[in-house]
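Worksheet for the structure shown next.
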Amino acid sequence: GDTLSAVAIHNGDFLENTQYNDVLYYMGQSSLGFPCGAINRVRDQMSGEMYSSRGTWATNIASRLHQNHNTGIAMKTFIKGDSAYIEVHLRFTQPVTADMRLNVFLTENAIPAHSQSGVGSGYLHEHVLRYIVSASQGDVIDMSTVKEIVKTYSASIYGYNQNNLNIVTSVSNWGNT
């Protein structure tokens with residue numbers, strides 16, 4: 001469907017995640033500086049990089065949303081105490097023999113900025129990566145013969161505002177993203 005899910009991965013500030021280097025290994029380092037973004041982990045048409053500058057995001061997003069995809073993702077989630085439980089359902093229309101990975105991210109919205117240059121008073125960070133729930137480079141999934149895969153996860157959400165948490169999932173072709 002026409003859905004955009006964002007994951008903001010911070011570096012060098014109070015929101016930097018301890019898994020940042022794992023993401024850097026997977027995505028590569030950008031030469032564009034900050035902010036930059038990877039749109040669906042596809043190389044930017046202008047720069048050839050995995051990342052694109054803010055000025056090209058809308059075009060790259062529109063291009064990806066209008067493409068057909070053979071994988072559907074659905075989730076069931078619930079919170080009990082300080083834990084989030086996630087059940088991810090994957091369905092696909094044709095077998096894929098590549099090294100496919102399921103990525104599951106915990107993000108948080110409405111985090112107030114503090115002691116950061118370039119942001120005004122009252123600025124709230126959105127879609128901030130708090131934790132990579134799956135393996136850092138994604139969990140290997142076999143899409144070569146089965147038509148549906150169900151994976152379950154749990155994550156501690158202690159210290160986070162439960163009302164501002166989201167789960168973002170994606171399927172990627174490792175090494176070819």
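The structure displayed is predicted, hence computed values, not measured ones.
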side-chain contact (heavy atoms from CB on, under 4.5 Å) between Thr71 and Met143, intermediate numbers included: CA-CA 10 Å; Thr71 305; Met143 295 174 63; 3.5 Å; yes
Residue pair Val7, His127: steps toward the side-chain contact (heavy atoms from CB on, under 4.5 Å) verdict: CA-CA 5 Å; Val7 178; His127 316 290; 5.9 Å; no
Pairs satisfying side-chain hydrogen bond (donor to acceptor under 3.5 Å, both in side chains), at least one member in residues 76-85, at least two apart: none
Heavy-atom check, side chain of Arg130 versus side chain of Leu15, under 4.5 Å: yes
Side chain proximity check, Glu148 to Leu90, heavy atoms < 4.5 angstrom: no
Note, Val171 side chain near Met100 side chain (heavy atom, < 4.5 Å): yes
From Leu129, Ile167, Ile86, residue fulfilling side chain to side chain contact (heavy atoms under 4.5 Å, CB included) relative to Leu106: Ile167
Close side-chain approach of Val128 to Thr107, heavy-atom, < 4.5 Å: no
Donor-acceptor pair between Ser172 and Asn103 side chains, under 3.5 angstrom: yes
Distance-minimising heavy-atom pair for Tyr131 and Asn17: N-ND2, 3.7 Å
Taking every non-hydrogen atom, the tightest pair across Pro95 and Ser144: CB-O, 3.2 Å
Pairwise distance NE2(His125) to CG(Asn164) - rounded to 0.5 angstrom: 13.5 Å
Check against side-chain contact (heavy atoms from CB on, under 4.5 Å), Arg101 and Gln137: CA-CA 8 Å; Arg101 308 286 178 108; Gln137 284 88 37; 4.1 Å; yes
4.5 Å side-chain heavy-atom contact, Ile111 and Asn109: no
Side-chain donor-acceptor pairs of residues 149-157 under 3.5 Å, sequence neighbours excluded:
| from | atom 1 | to | atom 2 | distance (Å) |
| --- | --- | --- | --- | --- |
| Tyr153 | OH | Asp139 | OD2 | 2.6 |
| Ser156 | OG | Tyr158 | N | 3.4 |

Side chains of Arg91 and Lys147 in contact at under 4.5 Å (non-hydrogen atoms): no
Step-by-step side-chain contact (heavy atoms from CB on, under 4.5 Å) determination, Ser134 to Phe105: CA-CA 7 Å; Ser134 60; Phe105 305 105; 5.8 Å; no
